[in-house]
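Letters A, B, ... mirror the listed sequences (proteins, then strands); counts begin at 1.
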Amino acid sequence: MTYVRSTFRHPALPKNDLGYTVDYYEGSLSTLCAGCGHDSINAAIVEACWQMNIEPHKVAKLSGIGCSSKSPAYFLSNSHGFNSVHGRMPSVATGANLANRDLIYFGVSGDGDTASIGMGQFVHVVRRNLNMVYLVMNNGCYGLTKGQDSATADAGSKSKAGSVNLFEAIDLASLAIELGATFVGQSFSGDKDQLIPLMKAAMSHKGFAFLNVISPCVTFNNNAGSTKSYDYVREHVEITGTMDFVPMMREITANYEAGDVSDITMHDGSEIRLHKLQKDWDPTNRRSAMNAVQNAKDKSEILTGLLYIDESSQDLHELINTSDIALNSLPQSLLTPGSDALAKLNASLR
Amino acid sequence: MKPTNIQDPEYFHKVVDCQYACPAHTPVPEYIRLIAEGRYTEAYMINWDSNVFPGVLGRTCDRPCEPACRRGRIDEEPVAICRLKRVAADNRDDVIPYMPQGPFPPNGKKVALIGGGPASLTVARDLAPLGYEVHLFDEQKLGGGFMRSQIPAFRLPEHVLNDEVNYILRLGIHTQFEHYVESLKDVLEKDYDAVFVGTGAPRGRDLPDLPGRQEGDANIHIGINWLGSVAFEHTTNIGKRVIVLGGGNTAMDCCRTARRLGGEDVKVIVRSPFASMKASPWEKEDAQHEDIPIIDNHVPRSFVVATDEEWSVVSDQWLAGEPIPDEAKLRVDENPHSAIRNPQLRGMTFEKVEAVYDENGKRSLVPTGEPEVFFPADDVLIAVGQENSFPWIERTVGVDFDKWEMPVVDKTTFQSTNPRVFFGGDAAFGPENVITAVAHGHQAAVSIDLFCNGKNLLTERLHPMTNLISQKMGIHEWAYDSAVDEYDRLVVPQADKTVTLRDRKKEVELGFDPLAGYKEAERCLNCDVQTVFEAPKCIECDACVDICPTACITFTTDGDESDLRSRTKVPALNISQDIYVADGLKTGRVMVKDEDVCLHCGLCAERCPTAAWDMQKFWYNVTKAGEVKYNVVQITRNESAV
Ligand SMILES: Cc1cc2nc3c(=O)[nH]c(=O)nc-3n(C[C@H](O)[C@H](O)[C@H](O)COP(=O)(O)OP(=O)(O)OC[C@H]3O[C@@H](n4cnc5c(N)ncnc54)[C@H](O)[C@@H]3O)c2cc1C
Ligand SMILES: Cc1ncc(C[n+]2csc(CCOP(=O)(O)OP(=O)(O)O)c2C)c(N)n1
Ligand code: SF4
Ligand code: SF4
Ligand code: SF4
Ligand SMILES: [Mg+2]
């Protein structure tokens, strides 16, 4: 009996611009169930960070509680991490981000962690436009506590034990768009070709980037009748379009037929090259994005891909006019200006 | 692309790189696992079945398996397969009870084997238990062929060879030693049902046209003849200064033997650059370790043979390494009187060259234009190659020869153009090595048995024996040790050279002790435990793709082979390794597994939620003549179970 993953890697693994092979971005060996969608998403995160030439120490991984929230242990071992209380990742992320705005904040949550116990924190972090990626590994159930229906389980979806869910599902993507998220995407753990560029764009986005990723729970919610099973999701996925993420200063090499292509320039100069497949959908128009999601839902389809993007928004730091410099880099004199400065401030408020 | 047919036994055979590369297809990983378990006798018998001389080969094999070993593509060095074989041989118990026990009921057929090397001995071992009356002829006084006469005792102790030759002779072989066969015609006129020629490639190349060759003859020796004469103790000493010409393994054996027979200043001088010498790297290392310099890029120009007077005039300058002026012709052929004045070999002159490669990579050795250089020597050993020679085969007996004077022999059946005459070993296609001779012997024995039973040699040859058995014992539990040990290859300890150089028969390598043998065995990746994929079970969750340490698995849209190879997770550029393609997935994609650097760690199968992957042990064994089974593993396993 072993279950030890060899550290031998393919001898021809390519290196990224920083000189790292992809294994530098890996985490420890996953303890999730074999076949869990979350593991696939973790692998996509590893690949996306490698491709983006991100220095792992420039990333902070944040999570709550759940199988999904355990995931940060399984990617980016060389990054910072904080595994918080159930549903409380947004407040930890907010605090960390305000203290050090120079890191990439990558939050991982579950549908239970976000749509049930964490709903209160979630809606506020969206509306504050905190500069982070917030990824929900959405399996329609509480995986860690043995598969109870979650708030994102569709009405009529059947559990493994055979009971049918009576309640309407909370649609997290619609909710995020509604609350003013400035980047919203939806995807499926089994489609890395879509997921990786989407993650790369989300990490480049300034502001709140929300990714709702359907991620089948292979043990408790992969049965016939479940609307979050591998088979069901594969049959019902409908895509907004294919996209290629082009980091700044790179030549665009992807080839698409002209006409359907639009480029979205991000604040850092990167580009999203979008090959649209949906008619009457404009990813930069919130109402159009809402309609596209609703229309798909009416047809029992799961719309995946980039749904909405607003590159002109102001993130929380800009909105509340914080220090441009991360607090850990401020000189002592500025960080704690002393009792005179405090007295002055107090006086000004009298 | 066409999905892989895993029913074809050759598909999985090729994945077991070492076994596939072994001419006799020894089931390497199976015996390595037995060594790790300390079951040396069984490990020995698996070898004995396949390669007949485990103790000999565990010390001397050319080991084509090692450059092929998968571990070498992932780690710095391959598994020490060859020296593990020796661990089995060194630690075995009495193996005779597991061997066929004579006397065997005669089948009325009689065969003659000419030459007593590994090829003939293999034929003898395979045919005797079937009831053949086997007559073996060799000009030497003991069996073993070149294993005895050429491979020096410091690499292969005599008792090791004797044991393994005797395992065969005790099967009731009629030996006719010290019997040089003068005429194949005579043999064919006797009542043999078949004749096997295993006479090797017994002629060492000479340099007959070099000036001074004749005059210096008393101190100029053909390498293989000299080694033979040392082995049979006709030669017991050599001069202090020795030059060995040649860059192959024979040259290495000559120089090392010379060191043990009194040679103090022994040099190997070779035409080609060091890196492209024919000798195996480990043979070169061993020679250098014994203080034998290897001087490359030097082409021999003459043997310097001179009388004392002649020599005294120039010796100071020449020995000081001063350039040799053109006028100082000391070559005896231009000095007619010297012969009567008892001239002596003084050394040799060489021209310096460098290797130049043309645009096709073809090498030529171009003189550098520097003056010739002189190296002193009391004796010279010429080890510049070996040839076949069949002076005893009349060209009228129906055995055809090609324009290079080589017999025309079928590559599968080893039959010559005279249906009753078979060839194998170095006699068939030129000098190779022991393991090749054994592999030929097995196939020739199969052919002889079919021939003597009136069967078709090609269509009635039996396929290899194969089997595929799941190793699954639990979720993370396999019947083999799936974890990959990551330490480096262990070094085989050697006896101190102050001891070995004093005694020609003192074995240099000490071999791995059982603990080191265990550790080295654990480096083996169990390449025979195959990843077997069942597409209908797969739900395409990607778990196997993500867990595989070496990025072997890809799910993608179909394409032709080169297209698929370019689209695997890491492009599958090693085309000597197959890609395993399966269709029948729900999404219509294909599963593509690049076999190249699979660690056989089983993680894909452990991670798969539906057991679409399974780890299955593949057994492949070449069928021997008459299907005699020496595979005792089953027997001993049952015994220990009782
Ligand atoms: C110096 C040297 C070192 C070597 N070292 C290695 C090594 O380390 N590992 C390795 O794998 N291989 C080695 N080889 C090669 C290996 O020895 C041969 O490839 C192998 O022995 C060939 O086996 P064979 O059965 O074809 O013939 P051989 O072993 O050559 O046996 C042929 C026998 O037939 C006898 N014979 C020939 N003609 C007649 C006749 N007309 N009548 C009667 N008898 C006859 C010969 O005397 C000889 O005994 C070495 C070779 C040399 C020269
Ligand atoms: C405060 C608190 N309440 C309840 C729990 C029990 N609990 C652990 S995980 C979990 C649900 C997780 O569901 P989800 O976020 O969807 O994660 P999944 O395991 O499905 O990935 C709950 C209710 C807890 N750990 N802490
Ligand atoms: S790792 Fe083991 S089984 Fe694989 S090629 Fe090497 S020796 Fe053979
Ligand atoms: S056994 Fe499976 S997981 Fe292990 S290296 Fe091979 S393909 Fe990859
Ligand atoms: S882990 Fe199993 S089910 Fe999942 S993709 Fe691999 S073979 Fe298919
Ligand atoms: Mg969940």
Side-chain angles (χ1 to χ4, degrees), chain A residues 1-15 21-23 26-47 50 71 74-75 139 188-193 195-196 215-220 222-224 229-235 237, chain B residues 70-76 473-478 480-486 525 538-552 554-557 568-574 585-587 589 594 596-613:
Chain A
M1 172 162 159
T2 51
Y3 210 49
V4 177
R5 189 167 186 248
S6 170
T7 64
F8 285 150
R9 292 291 176 269
H10 197 299
L13 277 187
K15 290 193 167 123
T21 47
V22 70
D23 49 312
E26 288 170 356
S28 53
L29 190 63
S30 168
T31 59
L32 301 176
C33 302
C36 177
H38 301 354
D39 274 334
S40 253
I41 301 172
N42 297 336
I45 296 172
V46 168
E47 181 70 25
W50 174 79
S71 276
Y74 312 137
F75 58 84
N139 53 15
F188 168 45
S189 65
D191 186 0
K192 287 203 186 76
D193 289 346
L195 195 48
I196 292 170
S215 174
C217 171
V218 74
T219 303
F220 298 112
N222 193 34
N223 47 288
S229 70
Y230 278 104
D231 285 351
Y232 184 93
V233 176
R234 278 225 169 82
E235 276 158 31
V237 155
Chain B
R70 170 176 306 264
R71 180 98 187 188
R73 297 199 293 275
I74 291 150
D75 197 358
E76 308 230 318
M473 309 244 299
I475 292 180
H476 298 306
E477 215 166 346
W478 301 102
Y480 73 108
D481 187 356
S482 58
V484 178
D485 286 285
E486 295 182 354
L525 298 168
C538 174
I539 59 170
E540 296 176 68
C541 69
D542 265 8
C544 53
V545 176
D546 298 333
I547 194 72
C548 176
T550 43
C552 300
T554 306
F555 288 82
T556 188
T557 48
T568 46
K569 222 173 154 189
V570 177
L573 300 180
N574 181 359
L585 294 165
K586 275 210 182 108
T587 58
R589 297 184 299 173
D594 180 9
D596 187 18
V597 290
C598 171
L599 303 170
H600 297 263
C601 65
L603 284 187
C604 48
E606 284 181 40
R607 265 299 160 91
C608 178
T610 64
W613 286 107

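- Not counting sequence neighbours, B:Phe555 has no partner by the ring-ring contact (aromatic ring centres under 6.0 Å, His included) test.
- With sequence neighbours left out, B:Lys569 forms a salt bridge (charged side-chain N to carboxylate O under 4.0 Å, His left out) with no residue at all.
- Neither the backbone nor the side chain of A:Thr219 has a heavy atom closer than 4.5 Å to any heavy atom of chain B.
- Neither the backbone nor the side chain of B:Cys552 comes within contact range of chain A, judged by heavy atoms closer than 4.5 Å.
- Side-chain atoms of A:Ser189 and A:Tyr230 form no donor-acceptor pair, as typed in the model, at a separation below 3.5 Å.
- Separation of atoms CD (B:Glu540) and CZ (B:Arg589) is listed at 4.5 Å; rounding is to 0.5 Å.
- Contacts between B:Ile547 and chain A at a heavy-atom distance below 4.5 Å involve backbone atoms as well as side-chain atoms.
- The structure places CZ of B:Arg73 at 5.0 Å from CG of B:Asp596, a figure rounded to the nearest 0.5 Å.
- For B:Leu599, the part lying near chain A is the side chain, with the backbone staying farther off; criterion is any non-hydrogen pair under 4.5 Å.
- In this structure, chain B has a heavy atom under 4.5 Å from the side chain of A:Arg234, while its backbone stays farther away.
- With a threshold of 4.5 angstrom between heavy atoms, A:Asn222 approaches chain B through side-chain atoms but not through N, CA, C or O.
- Counting heavy-atom pairs closer than 4.5 Å to chain A, the top-ranked of the candidates B:Ile475, B:Asp542, B:Asp485 is B:Asp542.
- Counting heavy-atom pairs under 4.5 Å between each of B:Val570, B:Val484, B:Thr610 and chain A puts B:Val570 at the top.
- A donor-acceptor pair shorter than 3.5 Å can be found between the side chains of A:Ser30 and A:Asp39.
- Both the backbone and the side chain of A:Phe8 come within contact range of chain B, each with at least one heavy atom under 4.5 Å from a heavy atom of that chain.
- Only the side chain of A:Asp231 comes within less than 4.5 Å of a heavy atom in chain B; its backbone stays farther off.
- With rounding to the nearest 0.5 angstrom, the NE2 atom of B:His600 is 8.5 Å from the OH atom of B:Tyr480.
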